[in-house]
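Have a look at the structure below before the remarks.
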Amino acid sequence: MPAISSVLRLVSLAALLAAAAPAAHAQGGGGLGGQGLGGGRKGQRLGQLENAKIAFITNRVSLTQEQAQKFWPLYNEFSARRRELNRSGRLLRRDVSEGMTDQQIRDTFTQAFAMRQQELNLEKEYFDKFQKVISLRQVAQLFQAERDFTKEVIKRVAGAGGQAAVDTN
C-alpha cells in the first residue's frame with residue numbers, strides 16, 4: 001500500500017500545482033521549493049515538477065523574454081492565491097464526517113461552493129491581468145497548458161509507478 005499512497009500524494013500534488021498550482025516562474029526564487037513546502041526528496045520532486053511546469057508553459061505559450069519578465073511574477077501571484085483557495089477548499093471537503101448533522105453538512109457544502117466561486121472570480125480577475133502582459137491567444141494557451149500539464153503528470157504518475165518526468169514539448 002505505500003506505493004499507492006505515494007501515487008495518490010503525487011496525483012494530489014500535480015492537481016495542486018496545475019489547479020492551484022502552480023507557482024511556476026522563470027525568474028528567481030519563491031516557487032514551491034523555496035517556500036518550505038517540502039524538504040529532502042519530496043522538496044526535490046516538487047522542484048523538478050515545478051521546473052517541468054515552467055518549461056511546459058513557456059514552450060506552449062511561446063513567451064518572449066520581455067513577456068516572461070512581466071508574466072512570471074504575475075503568474076506566481078495568481079498561483080499563490082489559487083493555491084491558498086484550493087487548500088482551504090480541500091480542508092472544507094475533509095471536514096464532512098458521519099457525526100455531522102444535516103445542517104453542518106449543508107453549511108460545509110455552502111462554504112465549499114463559495115470557495116469555488118472565489119476560484120472562478122480569481123481566474124476571471126487574472127484573465128484580465130494576463131492580457132495586459134501577453135496576448136489573448138497566449139492567455140488561452142496558458143489555461144490549456146495548465147490543464148494539459150496536469151493530465152500529463154497524472155498519466156505519467158499512473159503509468160510509471162510514481163515517476164513524474166514530464167515532456168516539455
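Defined by atom type and a distance below 3.5 Å, a donor-acceptor pair is present between the side-chain atoms of Asn121 and Gln117. Side-chain contact, Gln144 with Arg147: a donor N or O sits under 3.5 Å from an acceptor N or O. Checked by atom type, the side-chain pair Asp107/Gln103 shows a donor-acceptor distance below 3.5 Å.
Among all heavy-atom pairs drawn from Arg60 and Ala145, the shortest one is CB-CB, 3.8 Å. When every heavy atom of Gln67 is checked against every heavy atom of Ile134, the shortest pair comes out as NE2-CA, 4.0 Å. Between Ala68 and Pro73, the shortest heavy-atom distance links the atoms O-CD, 4.1 Å.
For the atom pair Asn76 CG and Arg83 CZ, the distance stands at 8.5 Å (nearest 0.5 Å). In this structure, CH2 on Trp72 lies 4.0 Å from OG1 on Thr58, to the nearest 0.5 angstrom. Taking OG of Ser62 as the start and CZ of Arg137 as the end, the distance is 11.5 Å to the nearest 0.5 Å. The CZ atom of Arg116 lies 9.5 Å from the CZ atom of Phe109; values are rounded to the nearest 0.5 Å. Note: Tyr75 OH to Ile57 CD1 = 3.5 Å, rounded to the nearest 0.5 Å. To the nearest 0.5 Å, atom CG of residue Leu49 and atom CZ of residue Phe149 are 4.5 Å apart.
Atom CG of Asp102 is surrounded by 12 or fewer heavy atoms from other residues, nucleotides or ligands within 6.0 Å. Within a 6.0 Å radius of CD in Glu66, no more than 12 heavy atoms belonging to other residues, nucleotides or ligands are found.
In this structure, Phe78 and Phe143 have perpendicular ring planes: the angle between them is above 60°, well past the 30° mark.
The same ILVMFWY cluster, assembled from side-chain heavy atoms under 4.5 Å apart, contains both Phe113 and Met100.
For the pair Asn86/Arg82, a side-chain contact is recorded, criterion being any heavy-atom separation below 4.5 Å from C-beta on. Side-chain contact between Met115 and Gln118: present, with at least one pair of heavy atoms (C-beta onward) separated by less than 4.5 Å.
With respect to the salt-bridge test (charged N to carboxylate O, under 4.0 angstrom), the residues Lys155 and Glu152 qualify. Residues Glu50 and Lys53 are not paired through a salt bridge, judged by the lack of any N-O separation under 4.0 Å between the basic side chain and the carboxylate.
Judged by distance alone, with hydrogens and angles left aside, the side-chain atoms of Gln138 form a donor-acceptor pair with the main-chain N or O of Val61 at under 3.5 Å. Side-chain N or O atoms of Asn51 include one that pairs as donor or acceptor with a backbone N or O of Gly47 at under 3.5 Å. The closest donor-acceptor contact from the side chain of Gln131 to the backbone of Phe127 lies under 3.5 Å.
Annotation: cation-pi pair Lys129/Tyr126 present, NZ/CZ under 6.0 Å from the ring centroid and within 45° of its normal.
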